Amino acid sequence: MAKVRGAVVVDTEACKGCSVCVVSCPKNVLQLNKQVNSRGYNYSYMANADECIGCGNCGLVCPDSVITVYRAKE
Amino acid sequence: MSNINDIIKPENLVYKKADALSDNIMHYCPGCSHGTVHKLIAETLDELGIQDKTIGVSPVGCGVFAYNYINCDWQQAAHGRAPALATGTKRLMPDHYVFTYQGDGDLASIGTSEIMHAVNRGENITVIFINNGIYGMTGGQMAPTTLVGMETSSSPYGRDISIHGYPIKITEILAQLPGAAYVTRQSVHNATAVRKAKKAVKKAFEVQGKAIGTSIVEIVSTCSSGWKMTPTGANEWMTENMFPNYPLGDIVDKSKPKQEDLEQFPLK
Ligand SMILES: Cc1ncc(C[n+]2csc(CCOP(=O)(O)OP(=O)(O)O)c2C)c(N)n1
Ligand code: SF4
Ligand code: SF4
Ligand SMILES: [Mg+2]
């Protein structure tokens, strides 16, 4: 069966590190980075990239619209 | 196992920032519901193709700068007066979509009169109402919507009914007015809620297109700075405390009106 795989791109400079995406991900893909962006926020990143299914939840909930979501069948 | 760069391609795109949002970084605090609601409005303008004939009226409150973020025409009203400004605008330009964007201090306190009469007149406008139970912009003072027992900067011992009265369910009051065509209460605290809220916002603009009365979408929202919580903690607190007092769901829907919705008992 074809496996669905996803990936997200976070605009790290615009992210405010609110964590709303982190708790919305059903696959625990996202974490806040230990690094901060130029405005001092720990930005969201794919800590478990292989797990992403491209469901789009993180993009939907991000108040600052900084997540773009992609999905492909393998 | 494919490489991430094989997935990140235009043909695999499933979700991106709404075209009608500007590139300005929003001034809102991390996790603020205002930002999420802005994008739902922007997505609606994109999907209905009405960006160039939509006029927003921004409030006094944290939402005052909404005009910096949603690319349509805007006016900015004095505190609570957005429904009056929207009334005049819509009547002069009935072929445009006119919406107000208002907080609970704006709509349910200083602007109670304006919203009441606009809805009672059945103005063909859309009202987006952000209820975070607090005066966010001015430092988290008690609002008419503040929950009983809720601590705010002006009710440090919690809202006390014997002194401050009850939290006002203004949306339920507005729903009773004959001019209300579509009234719903939603939230944006998780992906399911965002999907439902998006449908509601889009429907509210579609109802405006039918010119059958006022459409109102209340969004029960967080103010993590004013509530002194983390953004995710505020979402949990809202789920536990705000939703029982402000239950989610449609309250009025006359988008397919029945005859009795329209009847007004003519003089004999
Ligand atoms: C006529 C007038 N009175 C009072 C104020 C001060 N003021 C600014 S914002 C605000 C409350 C805003 O609260 P709300 O509408 O709930 O918006 P929020 O910031 O919570 O989104 C007040 C009282 C003002 N700007 N103008
Ligand atoms: S698209 Fe879905 S699975 Fe992938 S990071 Fe976002 S929420 Fe998680
Ligand atoms: S929801 Fe958006 S702003 Fe908040 S941490 Fe995630 S990417 Fe950053
Ligand atoms: Mg408020």
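All of these numbers come straight from a predicted model, not from anything done at the bench.
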Worksheet item: Which answer fits K9(B), side chain, backbone, both or neither, if we ask what part of it has an atom under 4.5 Å from a heavy atom of chain A?
Response: backbone
Item to complete: Select, from N235(B), V194(B), T192(B), the one with the greatest count of heavy-atom pairs under 4.5 Å involving chain A.
Response: V194(B)
Discussion item. Could you check whether any side-chain heavy atom of E236(B) comes within less than 4.5 Å of a side-chain heavy atom of V23(A), counting everything from C-beta outward?
Written reply: no
Worksheet item: What distance do L13(B) atom CG and Y70(A) atom OH have between them, rounded to the nearest 0.5 Å?
Response: 5.5 Å
Worksheet entry | side chain to side chain contact (heavy atoms under 4.5 Å, CB included) evaluation trace for K16(B) with V9(A) | CA-CA 10 Å; K16(B) 71 170 176 61; V9(A) 176; over 6 Å; no
Response to the item:
Okay, L21(B) and chain A: the region with an atom under 4.5 Å from a heavy atom over there is side chain
Practice prompt. Provide the closest heavy-atom pair for V14(B) versus G54(A) in the form atom of the first, atom of the second, distance.
Written response: CG2-O, 3.9 Å
Worksheet item: Is any side-chain heavy atom of R71(A) less than 4.5 Å from a side-chain heavy atom of N12(B)?
Response: no
Worksheet entry | Step-by-step side chain to side chain contact (heavy atoms under 4.5 Å, CB included) determination, R5(A) to D6(B) | CA-CA 10 Å; R5(A) 284 212 51 199; D6(B) 297 331; over 6 Å; no
Worksheet item: Going by heavy atoms in the side chains, are V188(B) and V61(A) under 4.5 Å from each other?
Response: no
Worksheet entry | Nearest heavy-atom neighbours spanning H27(B) and K16(A) | C-NZ, 4.3 Å
Practice prompt. Check whether V20(A) gets within reach of chain B through its side chain, its backbone, both or neither, counting any heavy atom under 4.5 Å.
Written response: both
Response to the item:
A7(A) and I8(B) have their tightest heavy-atom pair at CB-CG1, 3.8 Å
Worksheet item: Rounded to the nearest 0.5 Å, how far does CE of M26(B) lie from CG of D64(A)?
Response: 6.0 Å
Discussion item. For chain A, which candidate among P30(B), A18(B), S224(B), C29(B) shows the most heavy-atom pairs at distances under 4.5 Å?
Written reply: P30(B)
Atom pairs and distances, side-chain donor-acceptor, residues 31-42 of chain B, under 3.5 Å, sequence neighbours left out:
unit_1, atom_1, unit_2, atom_2, d
S33(B), OG, T222(B), N, 2.9
S33(B), OG, T222(B), OG1, 3.3
H34(B), ND1, Y101(B), OH, 2.7
H38(B), ND1, H34(B), O, 3.0
H38(B), ND1, Y101(B), OH, 3.4
H38(B), NE2, Y28(B), OH, 2.7
K39(B), NZ, G59(A), O, 2.7
K39(B), NZ, L60(A), O, 2.7
K39(B), NZ, C62(A), O, 2.9
K39(B), NZ, Y15(B), OH, 3.4

Discussion item. Show the nearest heavy-atom pair for residues T232(B) and C18(A), with the distance to one decimal.
Written reply: CG2-O, 4.0 Å
Practice prompt. Could you look at C55(A) and say if it's the side chain, the backbone, both or neither that has a heavy atom under 4.5 Å from chain B?
Written response: backbone
Worksheet item: Quick one: what part of I25(B) sits under 4.5 Å from any heavy atom of chain A, side chain, backbone, both or neither?
Response: side chain
